[in-house]
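Okay, structure first, notes after.
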Amino acid sequence: MLLSVLILSLARTGSILPPISLKPSLANQDYDLFVQRNLTRGWWTYFEYAFALLSPLFFVALTGASLHWHRLGWPHRIAYIFAFAAYLLIYAHIGVNRGLFQLLVLLPLTLGLYYVFSRRLAGRMTWIMISSAVLGSALFLWIFIFFISFRDPPSNVGHFTPLNLDAQRSGAIYEILPPAFYSGYETVARYLGLGYYGLSLAITETEYQLGLGLTSSMLVMRKANALLGDNWYFHTLLPVIEQKYNWGVWTLWHSAFAWFISDFGVAGSLIAILIIGIWYGLVWRSLLMTNSVVALSLFYMLNMMILYLPANNQLLQSADTFISLLVLSLVFIAGFFRRDFINTPPAPAG
């Protein structure tokens, strides 16, 4: 876990230890640099690949350490705390909310669900876990709104520059909220609502070609585009929406459902959601029965997918989560198969 974070810091901040910046004006500059690096190849690309290969171990350690915390020595605990803090600093430095959400909201939520329903926590510890999730969510929202305000300063007064939208600050919500919370409420509402608007465009569009598994996420689309060229790409659903409605493929949300429709059509997307639901339930049931660190880390990742459904297909959007989901799913499936590699005679009866 520690090695993964040091490699990630090199890839995204240019330093083996993430810098600590107290200048809010640099948040937008560092974010633009991170986006530019994502769109170009350089020395940082190889460190991104290295982190992606180590990411299954990172997520297993991130979630599984809590199960065996009492068995860890202080060197391991210090390493975990240092890696945890460094991961937060990396995402705070580049101004990206996903890493902050993973640690401040998703991790306590996942652990809370597991400990409460497996009855491994009771009384005071249950309330501590719930309080951690609430405080983490509040801290994440504050940081998220902080980042957005620097990327798009007009959002502080209700104007959203990328779509040239103005918030109508009237109605019941604005009567309840203090004025200081207006921009925060509008930011979260846009974040959730834009994806469903993209979905509405996807449902009404009928003239497009199916991606057949190649348009399920930004990562897959980029790799397929590099191999196959543009001939197939511009006839699939999301580029067609961009051409007709100016709803950008790479810059605006579409919700995960739109990505599934792009691959398999409306009917096929319902089957894809059904499979995800079955897989989610199987992982949850196995976690409660086995207390496995693999099942816990996979449950953590599926929670990430579920919570990001209004915006995108999050687990397949980047190489680290894509590889982690693939590897952990294969390990989880392998756990259902047993094979005797050493032929040992059966023990005599009674």
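What you see is a predicted model, and the numbers here were worked out from it, not measured in a lab.
- Remark: the backbone N or O of Ser216 is paired with a side-chain donor or acceptor of Asn313 at under 3.5 angstrom.
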(request) Apply side chain to side chain donor-acceptor pair (under 3.5 Å) to Ser55 and Ser324, showing your working. (result) CA-CA 6 Å; Ser55 58; Ser324 297; 2.8 Å; yes

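- A donor-acceptor contact closer than 3.5 angstrom is absent between the side chains of Tyr91 and Gln102.
- Under the 4.5 Å side-chain contact rule for hydrophobic residues, Tyr196 and Tyr185 do not share a cluster.
- No side-chain heavy atom of Asn246 sits less than 4.5 Å from a side-chain heavy atom of Ile241.
- When all heavy atoms are compared, the tightest approach of Tyr174 to Ala167 is OH-CB, 4.1 Å.
- To the nearest 0.5 Å, the span separating NZ on Lys223 from CG on Leu219 amounts to 6.0 Å.
- Residues Leu17 and Leu6 come closest through the heavy atom pair CD2-CD2, 4.0 Å.
- Both Leu212 and Val266 belong to a single network of hydrophobic side chains, linked directly or stepwise wherever heavy atoms of I, L, V, M, F, W or Y lie under 4.5 Å apart.
- In this structure, CG on Leu328 lies 9.0 Å from CZ on Phe59, to the nearest 0.5 angstrom.
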(message) Test side chain to side chain contact (heavy atoms under 4.5 Å, CB included) on Phe58 and Leu8; report intermediate values, then the result.
(response) CA-CA 11 Å; Phe58 171 82; Leu8 183 66; over 6 Å; no

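- Nearest heavy atom pair, residue Phe336 against residue Ser286, reads CZ-OG, 3.8 Å.
- Within a 6.0 Å radius of OH in Tyr245, more than 12 heavy atoms belonging to other residues, nucleotides or ligands are found.
- Checking Tyr280, Phe332, Tyr114 one by one against Phe299, the ring pair (Phe, Tyr, Trp, His ring centres under 6.0 Å) holds for a single residue, Tyr280.
- Under the 4.5 Å side-chain criterion, counting only non-hydrogen atoms from C-beta, Arg98 is in contact with Ser318.
- Between Trp253 and Leu199 the shortest side-chain heavy-atom distance does not fall below 4.5 Å.
- The heavy-atom pair separating Leu287 from Ser292 by the smallest distance is CD1-O, 3.7 Å.
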(request) With side chain to side chain contact (heavy atoms under 4.5 Å, CB included) as the test, would you mind laying out the steps for Arg41 and Tyr46 before giving the verdict? (result) CA-CA 9 Å; Arg41 293 182 63 87; Tyr46 302 100; 3.9 Å; yes

(request) Could you go through the side chain to side chain contact (heavy atoms under 4.5 Å, CB included) check for Thr63 and Leu107 one step at a time? (result) CA-CA 7 Å; Thr63 56; Leu107 184 60; 3.9 Å; yes

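- Considering only heavy atoms from C-beta on, Tyr208 comes within 4.5 Å of Ile261 through its side chain.
- The CG atom of Leu309 lies 4.5 Å from the CZ atom of Phe257; values are rounded to the nearest 0.5 Å.
- The neighbour count for Tyr182 OH, taken as heavy atoms of other residues, nucleotides or ligands under 6.0 Å away, is above 12.
- Contact annotation: the side chain of Thr110 approaches that of Leu296 to within less than 4.5 Å [non-hydrogen atoms, C-beta and beyond].
- The backbone N or O of Ala11 sits less than 3.5 Å from a side-chain atom of Arg37, completing a donor-acceptor pair.
- Considering all non-hydrogen atoms of both residues, Leu228 and Leu214 come closest at CD1-CD1, 3.8 Å.
- Side-chain contact between Met1 and Phe82: absent, with no pair of heavy atoms (C-beta onward) separated by less than 4.5 Å.
- Donor-acceptor pairing under 3.5 Å is recorded for the side chains of Thr13 and Ser9.
- Remark: Arg222 CZ is packed, more than 12 non-hydrogen atoms of other residues, nucleotides or ligands lying under 6.0 Å away.
- In the hydrophobic clustering of this structure, Val220 groups with Ile276; members are Ile, Leu, Val, Met, Phe, Trp, Tyr whose side-chain heavy atoms approach within less than 4.5 Å, directly or through other members.
- Cluster membership check: Val327 shares its hydrophobic cluster with Leu3, using side-chain heavy-atom separations under 4.5 Å among Ile, Leu, Val, Met, Phe, Trp and Tyr.
- A distance of 6.0 Å or more separates the ring centres of Phe51 and Phe47.
- Taken to the nearest 0.5 Å, the CE atom of Met221 stands 9.0 Å off from the CG atom of Asp263.
- For the atom pair Leu307 CG and Phe101 CZ, the distance stands at 4.5 Å (nearest 0.5 Å).
- Residues Ile333 and Trp284 are members of one and the same hydrophobic cluster, defined by side-chain heavy-atom contacts under 4.5 angstrom among Ile, Leu, Val, Met, Phe, Trp and Tyr.
- Taking OH of Tyr197 as the reference point, atom CG of Leu201 lies at 4.5 Å (rounded to 0.5 Å).
- Few gaps surround NE2 on His159; more than 12 heavy atoms of other groups in view lie less than 6.0 Å from it.
- Nearest heavy-atom pair across Met301 and Leu325 is SD-N, 4.0 Å.
- Within 6.0 Å of CH2 in Trp74 there are 12 or fewer heavy atoms belonging to other residues, nucleotides or ligands.
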(request) For Phe84 and Leu62, run side chain to side chain contact (heavy atoms under 4.5 Å, CB included): C-alpha distance rounded to whole Å, both residues' side-chain angles, the deciding distance at 0.1 Å, then the answer. (result) CA-CA 8 Å; Phe84 188 99; Leu62 176 67; 4.1 Å; yes

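- Ring pair His254/Trp247 is perpendicular by interplanar angle, where above 60° counts as perpendicular and below 30° as parallel.
- Between Thr215 and Leu237 there is no side-chain heavy-atom pair separated by less than 4.5 Å.
- Under the 4.5 Å side-chain criterion, counting only non-hydrogen atoms from C-beta, Phe181 is not in contact with Ile173.
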